[in-house]
Protein chains: 2
Amino acid sequence: MAAPKDFLEFVDANADLFIQRLGEAVAIPSVSGDPSHRQDVLKMSNWLNAQLQALGVDTKQVDLGTQELEGQTLQLPPAVLGSIGKDPKKKTILIYGHFDVQPAQLSDGWDTEPFTLVVDDASGKLIGRGSTDDKGPILGWLNVLQYHHKHGKELPVNLKFCFEGMEESGSEGLDDLVIRESKPGGYFEGVDCVCISDNYWLNTRTPALTYGLRGVVYYAIHVTGPARDLHSGAFGRTVHEPMTDLIALMNKLVDGKGNILIPGVDDMVAAADAEERKLYEQLDYSIADVEEAAGGKIALSDDKVQVLMGRMRLPSLSLHGIEGAFSGVGAKTVIPSKVAGKFSIRLVPPQTPENITPLVNKYIEEEFAKLGTKSQVRIEYLHGGRPWVANVKHWNYEAAIKATEAVYKRKPDLMREGGSIPVTLTFAESLGVNVLLLPMGRGDDGAHSTNEKLDRSNFIEGTKLLGSYLYEVAALS
Amino acid sequence: MAAPKDFLEFVDANADLFIQRLGEAVAIPSVSGDPSHRQDVLKMSNWLNAQLQALGVDTKQVDLGTQELEGQTLQLPPAVLGSIGKDPKKKTILIYGHFDVQPAQLSDGWDTEPFTLVVDDASGKLIGRGSTDDKGPILGWLNVLQYHHKHGKELPVNLKFCFEGMEESGSEGLDDLVIRESKPGGYFEGVDCVCISDNYWLNTRTPALTYGLRGVVYYAIHVTGPARDLHSGAFGRTVHEPMTDLIALMNKLVDGKGNILIPGVDDMVAAADAEERKLYEQLDYSIADVEEAAGGKIALSDDKVQVLMGRMRLPSLSLHGIEGAFSGVGAKTVIPSKVAGKFSIRLVPPQTPENITPLVNKYIEEEFAKLGTKSQVRIEYLHGGRPWVANVKHWNYEAAIKATEAVYKRKPDLMREGGSIPVTLTFAESLGVNVLLLPMGRGDDGAHSTNEKLDRSNFIEGTKLLGSYLYEVAALS
Ligand SMILES: [Zn+2]
Ligand SMILES: [Zn+2]
Ligand SMILES: [Zn+2]
Ligand SMILES: [Zn+2]
């Protein structure tokens with residue numbers, strides 16, 4: 001069941017009003033990471049709460065307590081929970097979004113005032129902080145609600161909303177809320193699936209659905225030796241130097257082709273079969289796109305499938321740096337006494353921090369023993385998160401694919417992301433239902449950068465996509 | 001010819017007066033690296049100039065111009081040149097010392113006020129900034145002059161003095177002065193040898209002479225790839241990562257036993273024969289001394305000779321750190337776009353920056369090519385200095401050995417230092433004469449540290465040593 005023609009026309013007819021409302025949202029500088037803007041995040045919570053209520057949504061603002069930031073005790077911005085429709089014959093979809101934004105100042109290099117939405121008619125861009133991350137997508141949902149509210153039409157599904165104001169600052173307070181409200185009797189009881197619109201197309205051309213995210217484990221290898229930093233003149237070639245040992249260990253972790261040298265880590269992931277390779281062949285993403293994004297002709301392979309699988313369905317190991325060594329400009333003749341090599345591994349199923357960490361520890365300890373050094377080693381686990389992959393055969397994805405085809409007249413890229421969006425895992429694990437990542441913006445939106453933008457067409461067609469998705473879910477039920 | 005008994009008795013009888021004068025010198029906080037103390041360094045130059053004049057030395061203070069420091073234009077403290085005796089039948093010895101000191105504050109962890117000389121009768125220590133580095137040795141020379149002045153005795157040799165006030169801040173202006181005054185018609189014309197007292201015994205027990213210093217070459221290996229830092233989630237296993245390549249290169253430079261892996265570098269230095277090994281066996285310095293100084297049981301070898309040769313007569317390669325990588329605390333999931341690995345090699349004859357750099361460049365370029373990466377490499381030479389080894393069979397050393405035996409009743413340790421004292425090379429190369437490093441203080445004096453001290457016995461016996469050395473030089477002429 002496609003969305004009513006009437007709805008699609010309504011969206012086109014009201015495009016300027018929708019953009020005007022996006023301008024109102026962008027004008028509230030709801031920077032969660034800056035204490036001096038905390039009142040603006042609270043204001044944004046109130047603004048969104050009022051908008052939802054005006055469109056017929058039952059809402060509540062949930063106090064998430066306080067946080068300590070830069071020596072101040074700050075109230076966390078209340079999350080906004082909403083509910084509309086309680087028909088037991090309909091599916092219930094939980095929608096997530098965040099109304100806080102990254103910091104932005106004209107002096108960072110913006111061409112225009114970041115908290116004033118600029119509508120550039122020539123390029124079709126809506127420029128402003130939060131336009132694409134994540135106020136545009138949230139307002140897409142308001143647009144959908146507005147059609148139904150104004151015309152007195154029931155939505156084809158029941159909706160629950162969970163909007164937070166701390167996503168750009170670690171989603172403080174959200175996990176507790178989600179876990180609590182996912183329990184029997186909680187606010188999210190009865191949810192059949194989740195839809196999150198907070199990521200981006202692979203490119204600037206083809207709509208996408210995201211069904212996987214890599215997990216991560218982050219370690220520090222501490223190597224210690226002398227009691228204090230030594231002078232390389234007085235001590236060079238008399239003592240075991242921790243840097244020499246650490247560099248030897250770091251060199252054993254990954255090779256220049258990206259292969260992970262820790263036994264068992266790469267092996268844990270089954271090779272892609274012909275059918276899966278085809279998924280990557282079909283993606284509208286080339287090596288040139290990867291290299292343009294990286295800013296250099298530095299792709300690991302000439303095989304597009306290999307490069308895309310490297311990002312989406314293979315683990316990766318990156319060496320980030322060394323704490324405790326000389327890192328300044330110029331020349332300092334120091335033998336550092338304690339150094340910590342930092343590296344992380346991006347994980348894919350069935351890898352988890354729990355099954356990877358023993359392999360890491362065992363290997364580093366064995367390789368360290370081979371060095372025959374008198375230095376000491378200690379491996380520190382800094383943080384980790386599990387990977388996530390959703391079943392794309394689920395009706396939640398089927399509906400999103402159909403909606404994309406209806407609005408954009410083409411199949412979406414079915415993709416996995418190389419990074420993490422922690423809230424995805426929180427919802428998937430707390431509710432135990434299928435989660436869909438349905439991006440509105442394009443790959444070049446510059447979410448955390450200067451001149452963040454959302455294309456007008458992505459906002460308007462994206463609104464149609466979100467509405468159509470609800471009708472397709474209802475049709476597949 | 002030993003020093004007159006009269007002289008030795010004079011030194012003992014005037015010990016308290018000498019210490020009192022050292023207290024006057026320490027009380028002038030002549031910190032060359034701190035603009036707010038620059039006037040104190042000038043004051044110290046004047047104080048020393050007046051002392052020398054009062055003891056019959058012809059002096060001149062030489063303006064060395066200005067320097068830019070922390071945004072200020074500062075006058076450099078004038079060097080003090082001195083001359084006493086012009087007898088063409090006598091040898092002429094050039095004495096070097098520096099009257100500036102390292103910074104020091106009670107709050108750094110000093111037990112007593114750093115610019116008040118504390119005479120600790122229980123331990124026999126004279127505690128204060130500059131006591132051993134380098135005001136104690138300079139005042140040793142004043143003590144020697146005082147005996148001769150007071151008793152109207154001629155010195156057994158002609159003396160020239162070169163005292164500077166910028167040694168702790170790179171000896172700014174000194175090289176030009178030394179080179180200029182070493183030329184025919186210059187102030188240092190006719191100098192037969194140089195004596196510098198600005199280093200330390202190997203230990204706390206045995207007097208020492210130093211006849212060698214290692215040189216150094218310092219490099220940065222720049223590896224670049226992406227145009228900007230990348231996120232390891234989005235790009236891990238899609239691109240060549242500069243850190244992976246740099247770590248591989250750094251791992252090829254030195255092994256865990258201290259062997260330098262750059263072909264030709266270790267080979268350039270002939271192995272020690274049995275006679276030379278004996279020199280190291282005889283040194284009053286054990287592996288326990290090395291490990292105590294380093295603060296850990298981390299010596300590269302159980303063979304004392306091997307460890308001492310590693311410091312004194314072998315080249316060494318130390319990995320200092322990486323610029324441009326993540327070096328903070330915590331976990332940052334960055335793929336750095338440009339990294340620079342810093343390392344240096346300590347050089348011994350016949351190694352020079354000129355013959356080592358081509359080997360370094362060739363090897364790194366070859367090893368980089370083997371990596372098969374799309375990153376770029378560039379090797380930067382940051383600075384360098386040649387090694388120095390003096391002929392210990394020269395009468396300058398013979399005299400110092402005899403003087404040591406006369407005063408301390410034992411043979412000195414004949415040692416080489418692992419680090420550099422750049423002014424040594426300047427004198428050796430400008431004048432083309434034998435240079436002797438004749439330390440006054442002990443290995444635990446803490447020259448640049450808190451609670452810097454000079455033992456009372458080292459000051460008093462050291463004064464006798466300096467005087468005796470002049471008489472031994474005269475006797476060998
Ligand atoms: Zn976001
Ligand atoms: Zn964001
Ligand atoms: Zn010194
Ligand atoms: Zn010094």
Side-chain angles (χ1 to χ4, degrees), chain A residues 214 218 225-228 230-241 243-245 247-248 250-251 254 256 258 290 294-300 307 310-311 314 316 318-323 325-329 331-336 342 344 346 371-374 382-383 418-420, chain B residues 214 218 225-228 230-241 243-245 247-248 250-251 254 256 258 290 294-300 307 310-311 314 316 318-323 325-329 331-336 342 344 346 371-374 382-383 418-420:
Chain A
R214 293 198 286 194
Y218 201 114
R228 62 199 75 90
L230 303 178
H231 186 262
S232 65
F235 287 92
R237 208 155 184 166
T238 68
V239 298
H240 291 279
E241 300 187 9
M243 268 295 279
T244 307
D245 296 325
I247 294 286
M250 291 177 83
N251 186 53
V254 62
V290 173
K297 296 223 159 267
I298 55 172
L300 273 173
V307 172
R311 166 171 167 178
L314 292 176
S316 65
S318 294
L319 307 173
H320 304 298
I322 298 175
E323 182 184 339
F326 171 53
S327 60
V329 295
K332 188 177 171 190
T333 54
V334 65
I335 297 175
K342 308 283 181 78
S344 68
R346 298 281 162 177
L371 297 178
T373 176
K374 293 179 185 164
L382 287 172
H383 70 73
S420 310
Chain B
R214 292 198 287 193
Y218 201 115
R228 60 200 75 89
L230 303 177
H231 186 262
S232 66
F235 287 93
R237 209 157 183 165
T238 68
V239 297
H240 290 279
E241 301 187 10
M243 267 294 278
T244 307
D245 296 326
I247 295 285
M250 291 177 82
N251 186 54
V254 62
V290 174
K297 296 223 159 268
I298 55 172
L300 274 173
V307 171
R311 166 171 168 180
L314 291 176
S316 65
S318 294
L319 306 172
H320 304 298
I322 298 174
E323 182 183 340
F326 172 53
S327 60
V329 295
K332 187 176 171 191
T333 54
V334 65
I335 297 175
K342 309 283 181 77
S344 68
R346 297 281 160 177
L371 296 178
T373 176
K374 294 180 184 164
L382 289 171
H383 70 75
S420 311

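Chain letters run A, B, ... following the sequence lines, proteins first, then strands; residues in each count from 1. On a predicted model such as this, the values are computed, not experimentally measured, just so you know.
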Choice from [options] maximising heavy atom contacts with chain B below 4.5 Å:
options	answer
A:L371, A:L230, A:T373, A:D245	A:L230
A:G372, A:G256, A:G328	A:G328
A:P226, A:A227, A:S232	A:S232
A:M243, A:E323, A:H383	A:E323
A:V334, A:I335, A:L382	A:V334

Measure [X] against the heavy atoms of chain B and call it side chain, backbone, both or neither at under 4.5 Å.
X	value
A:S344	side chain
A:R346	side chain
A:I322	both
A:H240	both
A:R214	side chain
A:H320	both
A:K342	side chain

Partners meeting side-chain contact (heavy atoms from CB on, under 4.5 Å) with A:V254 (sequence neighbours left out): A:L317, A:L319, B:T244
Partner residues of A:S327 under the side-chain contact (heavy atoms from CB on, under 4.5 Å) criterion, sequence neighbours left out: B:S327
B:K374 atom NZ: more than 12 heavy-atom contacts under 6.0 Å: yes
Pick whichever of [options] has the most heavy-atom pairs under 4.5 Å with chain A.
options	result
B:G225, B:S420, B:G296, B:S318	B:S318
B:G418, B:G258, B:A325, B:G236	B:G236
B:G419, B:A331, B:P336, B:A248	B:A331

Closest heavy-atom pair and its distance - B:R237, A:S316: CB-CB, 3.5 Å
Point-to-point distance, once rounded to the nearest 0.5 Å, from CG of B:N251 to CG of A:N251: 4.0 Å
Inter-residue atom distance A:T238.OG1 - B:R311.CZ, 0.5 Å rounding: 7.5 Å
